[in-house]
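Note: hydrogens, waters and symmetry copies are ignored here, and every other heavy atom, side chains too, is used. Just so we're on the same page: letters track the sequence lines, and every chain starts at 1.
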Amino acid sequence: MTQPQTHRLAYGGRIDRSRTLRFTFDGRAYEGHPGDTLASALMASGERLIGRSFKYHRPRGIVTAGPEEPCALVELRTGACREPNTRATVAELYDGLEANSQNRWPSLALDISAINQLVGRFLPAGFYYKTFMWPASFWEKVYEPIIRRAAGLGRAATATDPDEYESIQAHCDVLVVGSGAAGLAAARAAGAAGARVILADQDFELGGGLLLEPEQEPWRQGMLAALSGMPEVRLLPRTTVFGFYEHDVLGAVERVSDHLPVPPEHGVRQRVWTIRARQTVLATGSTERPIAFPNNDRPGVMLASAAMTYVRRFGVRPGERAVIFANNDIAYNAAFALHDAGIAVAAIVDVRKKDSKRAAAAADRGIAVKLGSVISDVKGSRDIHGISFRSVNGTAERVLDADLVCVSGGWNPAVHLQSHTRARLTWDNDLAAFLPGKPVQAERSAGSAAGVFGIARCAADGAKAGLEAAAALGFRDGAAFELPMPDAEIDPKVKPFWEVKAKGKAFVDLQNDVTTDDIRLAHREGYTHIEHAKRYTTHSMATDQGRFSGILGTAVLAEARGETIEKVGVPTFRPYVTPVTWGAMAGRHAGHHLQPVRRTPLHHWHVRNHGIFLETGLWMRPLYYSATRETGWDPILKEARAVRQAVGICDVSTLGKIDIQGRDAGMFMDRLYTNTFSTLAVGKARYGLMLREDGMVFDDGTTSRLSENRYLMTTTTAKAAEVLAHMEFYHQTVWPDLDVRYCTVTDQWAQMSVAGPKTRLALQGCVEGLDLSNEAFPFMGVGDATIAGCPVRIYRVSFSGEMAYEVATPAGYGERVWEAILEAGKPHGILPYGLEALGLLRIEKGHVAGPELNGQTTARDLGFDKMMKKKGDFIGRVNGERPRLMDSDRPRLVGIRAVDPSFEKRLRGGAHIVDRPNSKASLGWATSITRSVELERWLGLAMVRNGPDRIGQRLYATYPLKNEVVEIEICSPHHVDPENLRVRA
Amino acid sequence: MSAPDRLSPFGPEAKPGRHGAAGGTPVLMTERKVDIVQVMAGRDANAKAANLVKDATGLALPGPRKVEIAGDAMAIWIQPSGWLVIRPRGEEGALAKKLGGSDDIAVVDQGHGRCVLRLTGAHAGEVLAKGSRVDLHPRVFPPGSVATTSIDHITVMIVKLDAVPSFDLVLPSNFAEAFLDWLRMSAAEFGYEIRPAA
Amino acid sequence: MSRYSVFRLFREGLRNQTGWTRAWRDPDPKPAYDVIIIGGGGHGLASAYYLAREHGITNVAVLERGQIGLGNVGRNTTIVRSNYLFPENNLFYEKSLQLWEGLEQDLNFNVMMSQRGVINLYHSDSQRDAYARRGNSMRLNGIDAELLDREQVRALVPVLDFDNARFPIQGGLIQRRGGTARHDAVAWGLARGADRLGVDIIQNCEVTGIRREGDRVVGVETTRGYIAAPKIGIAVAGHTTQVASMAGVRIPIESHLLQAFVSEAVKPVLDHVVTFGAGHFYISQSDKGGLVFGGGLDGYNSFAQRGTLPEAEHVINEGVALMPLLSRLRVLRQWAGVMDMTFDGTPLICKTPVRGLYVNGGWCYGGFKAVPGSGWCFAHTVAKDEPHALNAAMTIERFRDGGMIDEKGAGPFPWLH
Amino acid sequence: MLRIDCPWCGTRDEAEFKYGGDATAKRPPAEGDGAAFYEFVYDRGNPKGWHQEWWHHVAGCRQWLKVVRHTVTHEIRSVAKATDDVTVPPA
């Protein structure tokens with residue numbers, strides 16, 4: 001049965017009593033109204049116990065009404081949508097909401113681990129550094145699993161998130177963070193001046209503190225109406241600005257659909273805004289802070305402003321009989337708000353001795369004020385029924401019945417975002433708080449975030465900030481507007497007071513269970529710096545990152561050190577102001593959307609024809625083709641045999657292609673490559689090798705000379721982009737005088753390698769306008785022709801070692817040409833072949849590729865000594881000749897073959913080469929291994945110390961990961977046709 | 001030689017039709033059938049290149065960040081001394097041939113390597129803003145502007161045509177399908193319609 | 001300052017923890033020491049500890065500009081492993097790992113060394129072969145390593161995306177002895193350990209100059225006065241080039257930013273350290289429940305200890321792609337550390353052209369796991385005035401003579417390592 | 001996130017650029033010796049302060065730009081074309 005709203009006020013607040021929303025907490029049914037948060041709705045039903053603390057599992061309730069809530073954390077939603085550690089105080093209520101308490105077993109009311117309280121005296125801060133060491137072997141096996149199970153708060157979702165997220169790239173003249181009186185005024189002032197404005201607030205209702213002031217409602221509504229009417233002003237409720245980054249970029253997360261059971265169709269759950277703001281106004285307000293006193297963590301102890309918020313905004317009675325504990329005048333507002341709502345206020349316990357106007361006002365309402373007094377204890381456990389209080393430095397305790405304690409230790413301006421910019425905070429003695437410091441980025445703080453209190457004053461301060469921000473960008477003379485009616489002048493001055501020293505645990509970090517004694521212990525042990533004390537005690541390291549009570553820890557530490565709070569300081573504030581969901585940050589890039597897919601012009605032919613694909617970089621490339629999706633070597637060997645024995649065709653469109661033109665094109669090529677291209681004949685191709693400036697091989701490929709001053713370079717698939725950037729670097733920064741122009745044409749061409757002894761026959765059946773005979777079109781020739789009416793350029797180059805022609809055609813004609821070649825090749829047994837067969841063939845032939853060009857090998861290592869021109873400059877020449885790179889003992893490229901011709905004992909890439917089966921001394925490693933169709937055995941390429949001098953030696957390939965050792969013979973890398981006759985056939 | 005039919009780089013999934021949220025004004029997506037040629041001028045050859053393009057197409061070569069638009073044809077500034085010349089599709093390779101080129105002016109046919117997607121509709125700017133890091137606000141990016149940027153890791157040229165707003169997006173063909181995936185996801189909340197190529 | 005023991009904890013429990021005293025002293029600097037270590041981070045403290053423990057050199061000062069342990073040792077992702085390709089690296093890191101294994105007994109301080117296993121995922125055959133080359137190299141050198149196939153990885157880490165990934169997981173290389181340790185505790189434990197052996201740990205003492213006589217060092221100028229020493233060790237990763245230049249020594253290092261992140265604490269979902277093979281992402285779950293993760297460098301020289309937005313998005317993209325159920329968790333905090341990046345990704349533990357001046361730096365982003373091994377080797381190098389075999393290759397000269405130790409093959413681009 | 005004011009394209013996000021390291025290193029002429037080429041590749045400045053560095057506008061105009069940036073504050077003092085001479089403030 002549904003829990004009645006026993007604590008809902010009959011009237012007042014911003015909730016819509018005409019509509020009822022049903023929800024459950026730990027399986028029990030509750031109801032609330034639109035405008036409620038989960039916390040206010042639970043409170044309306046009289047729920048006090050919401051969670052358990054991290055270490056002692058003490059009962060915890062609701063202590064704030066905002067995102068800084070350290071205690072009332074729940075698991076919201078279930079299954080794949082479960083959101084652990086959700087702050088009930090900002091979770092907007094929706095119909096059907098399901099929430100569960102967390103970090104308790106078996107139930108919230110009866111939590112076995114609460115036993116930790118009894119042994120608590122033996123578990124001070126940092127105790128784990130001093131124990132769990134005996135016996136040594138027990139840590140992983142025994143202690144750690146126990147600690148891990150006990151730790152953590154809520155549970156993660158159980159499956160992949162069904163919701164979507166996205167990001168938005170925003171630009172504005174003025175970003176205003178916070179929509180209280182200061183924020184609204186700042187936005188309106190800047191907007192009226194003509195600036196492009198974004199106003200963001202984490203709350204689902206805009207207005208900040210105005211939402212607690214019914215008499216200011218007309219002004220708030222008027223401001224919102226005016227802002228909504230400005231085309232260049234964008235209002236973003238439910239949007240938390242979480243970080244202020246360099247160059248005036250801010251990050252924000254908009255909770256688009258978290259207030260709905262599920263996001264609307266085609267809608268996202270959350271959206272991350274990257275905001276480039278020319279000026280920023282931080283009107284982030286301020287948060288009240290607690291005071292440490294024994295049992296200050298009991299459910300029913302909350303911030304005075306929170307109690308006031310539940311009464312004024314949510315129409316809820318947080319208790320029946322309240323005691324206010326304060327060191328300032330502003331807190332009296334809470335007392336009066338409660339009183340006006342018919343809640344008994346037993347007393348205001350005010351640490352200040354001096355009487356004040358506010359005390360008189362309290363007396364008028366018949367509220368007792370205990371000046372110069374402090375609360376020394378709280379009675380009760382899961383619920384409270386009274387407090388003890390005494391004079392500040394007295395001992396005689398008196399008792400008061402109360403079920404609600406409203407605490408106010410003063411206010412902390414929300415300076416987190418400004419701190420991200422590395423501005424130095426300044427200390428204010430009147431407020432006993434840190435204020436924003438001198439800006440170092442284009443920002444200014446306004447309103448209570450800047451230490452200004454009172455609605456009217458905040459509005460005026462915000463308007464000024466908005467005007468200044470706009471003026472700084474040249475936007476002037478906006479229309480003036482009316483400010484809110486002046487409110488009661490309240491002196492925000494506080495009497496610094498942080499801790500009541502008395503018997504019992506007084507908490508400074510309510511989530512991590514850090515007490516004032518823990519801080520003092522850290523100090524005793526030498527962890528006296530705020531960062532050390534924080535890390536040693538875990539104070540300020542909970543989900544609220546110290547926003548709730550960080551300053552308390554500093555105050556206690558400062559007292560122990562005998563120094564000022566200003567000197568001790570607070571731990572560095574870093575992003576995120578409030579934690580941000582991973583999904584929102586990932587945006588559209590979840591799952592297979594991590595990176596875009598790059599497709600060749602022939603992609604869909606491969607799909608239709610059973611290509612089995614592999615992700616290589618961004619590309620998708622067919623490994624092999626199999627209608628039955630069979631795995632293993634058979635389909636690969638079949639394709640490779642087709643090439644060795646008949647003809648095959650392979651999509652090589654992924655090769656990088658760069659069109660290079662200009663009078664100095666040849667000279668440029670000569671400097672990029674180790675070998676010479678300025679001597680290459682027009683209409684010819686040549687294999688080229690590029691080095692990095694450190695002498696390591698960078699890339700290789702064939703480059704053709706299309707005319708006197710025009711070359712077409714091909715690069716490896718992997719390095720295409722890097723090669724272009726490399727060329728641009730050397731041309732633009734080192735040799736700007738070279739008269740050369742170039743651009744990528746990779747996407748322009750579909751390119752296919754047709755290879756095998758019957759290639760010429762196959763192509764002659766479809767190529768028009770080019771004589772393919774060996775005489776007319778020899779190896780390394782380049783020519784234009786047409787196939788199936790499409791223009792093609794044909795390069796007679798070979799990667800497989802067979803007679804081969806690469807056919808390039810404009811991308812849109814790729815499939816036509818490919819299919820025409822297949823058609824013409826049919827009588828000759830043509831087969832399409834994929835990456836696997838391509839690799840097999842190049843390994844047999846001894847062509848190097850990725851595994852050999854891995855950035856660790858020099859040209860000499862790979863046997864390219866002869867390709868390095870003796871005269872003239874080229875990139876990498878000099879550093880490539882450093883002594884240890886010339887050392888013949890370096891691993892150098894060789895071929896290796898299994899001695900055993902059967903396929904029983906397998907060679908694998910990554911095996912190491914040793915001279916005895918059981919040797920541990922590696923002589924090198926196998927880079928590329930394949931089953932050979934030519935030699936019917938395992939073979940491949942390897943980098944071996946003194947490799948070329950070992951040709952003929954019997955060594956071993958050892959693979960300890962699988963305990964395999966295979967006897968091998970070192971041989972030439974060119975397993976197939978070392979004389980290169982076939983490619984010239 | 002007349003141009004044989006070619007495959008669209010946007011792939012078989014780019015079928016004409018209305019998708020995403022119903023109601024409201026959809027974003028319209030149309031593949032443009034065009035020829036594209038990249039022109040790169042050598043040192044001190046910008047004027048010569050301008051004349052070359054003027055004679056061949058009637059288009060003037062614009063300066064940085066600008067596009068010269070004449071009817072269905074346009075010339076886009078892409079980098080110092082570098083432009084793309086785009087006009088409705090004609091004979092295969094004809095535009096490049098007509099421009100010819102010389103030792104100090106490189107002319108490179110990109111008619112298949114690049115493709116153009118027209119994006120138009122009241123929400124077109126909002127859709128692009130989900131990926132474009134460039135400010136497309138009319139104050140800073142009026143019609144006749146071009147920006148090359150990166151959207152979802154794909155290098156895209158954004159050409160602002162009018163205040164609707166309408167944009168021509170120049171894409172690398174190998175990424176056309178991937179870009180369309182992203183665009184469809186981003187436009188779904190407003191609803192979108194894929195039009196037949198034109 | 002007494003030992004930690006169960007008895008001690010019990011007694012202090014009964015008397016409200018009032019008996020605990022400073023974990024390490026707070027001495028004023030003496031006029032002279034036998035050895036000065038500049039830098040009170042993990043490496044500096046470990047170096048001092050092993051100088052005293054292994055070589056009996058106890059008249060040592062560790063000079064820390066601010067407070068110990070708040071540089072990279074307090075800013076990393078706490079991963080400990082020795083799964084390197086080249087013997088010059090894997091033998092060194094293995095020594096370090098072995099020291100880690102005994103560290104808490106050694107120091108009588110629980111650094112929460114957790115050998116939960118480090119898994120490097122591979123996503124293609126060629127990547128598998130590259131990891132196999134590494135794993136086989138480790139095995140030949142007596143270091144544990146196992147190659148896992150897809151199903152073996154799934155059994156260990158079921159929360160990874162095996163169904164919808166852009167770069168499907170094919171398997172992984174696991175070092176079971178690898179894992180994590182509580183980073184702050186390492187600094188504190190080493191400080192306490194060194195202090196107990198007589199080392200002076202001097203905080204708030206910034207070195208402003210290194211005094212030379214001819215080709216040798218004689219002492220340092222500090223904000224707390226001149227301090228003499230015939231041997232000076234620099235262990236200030238992140239600022240190595242700045243400090244070395246005080247002695248006129250140029251070091252081939254660039255400073256780059258590496259970011260780290262932690263999520264809100266949740267119940268255990270991940271029992272290992274996992275590294276994504278198709279990007280820059282690694283993650284583990286702390287004993288407190290937070291998911292601690294990081295990615296690549298920001299990619300440009302930086303001394304700003306400040307997180308940035310693009311790298312956060314980049315890293316978190318890969319995290320969600322790898323572990324989809326992270327999507328609804330929240331990232332709590334983002335921070336950054338300044339890395340010493342060398343031109344081959346391998347550190348420097350060596351002598352310098354100036355007699356009596358030694359450098360320990362260039363940790364790139366492998367510094368944390370190296371802490372004990374680095375201190376052990378640096379102590380040897382300083383004490384004996386010659387490197388130990390384990391760090392003999394980690395010299396400055398290697399770049400001149402071509403002896404780079406480039407595990408990635410990324411080349412002379414520090415920001416790519 | 002850095003925002004780099006490309007002299008050709010205007011102010012753009014870091015994401016459009018690739019970093020290229022120290023822009024003060026000059027490649028020696030062809031006849032340069034080992035020491036000279038060692039310095040070009042390995043002897044880089046690593047100032048804590050103003051740094052002259054290469055940025056390549058890869059997803060833009062594809063120009064290599066000389067950027068003067070502060071390595072602590074990230075403030076960018078100037079962005080120039082590859083062939084321009086730039087002045088670097090004292091660190």
message: Let's test your reading of the structure: which of D161(C), D271(C), L322(C) forms the most heavy-atom pairs below 4.5 Å with chain A?
response: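 That would be D271(C).
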Measure distances from [X] to the heavy atoms of chain A and classify the residue's part below 4.5 Å as side chain, backbone, both or neither.
{"X": "E318(C)", "result": "both"}
{"X": "R400(C)", "result": "backbone"}
{"X": "D344(C)", "result": "neither"}
{"X": "N16(C)", "result": "both"}
{"X": "E313(C)", "result": "both"}
{"X": "N164(C)", "result": "both"}

Whether the [X] and [Y] side chains hold a donor-acceptor pair (N or O, under 3.5 Å, no angle test) is what I'd like checked.
{"X": "T308(C)", "Y": "D298(C)", "value": "yes"}
{"X": "T581(A)", "Y": "Q270(A)", "value": "yes"}
{"X": "Q334(C)", "Y": "Q259(C)", "value": "yes"}
{"X": "Y959(A)", "Y": "N963(A)", "value": "no"}

- prompt: What part of Y536(A) gets closer than 4.5 Å to chain C, counting heavy atoms only: side chain, backbone, both or neither?
  reply: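 For Y536(A), the contact with chain C is made by backbone and side chain together.
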field: Ring-face cation contact, W20(C) with R8(C), 6.0 Å cut, 45° max
entry: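 Yes, R8(C) lies over the aromatic ring of W20(C).
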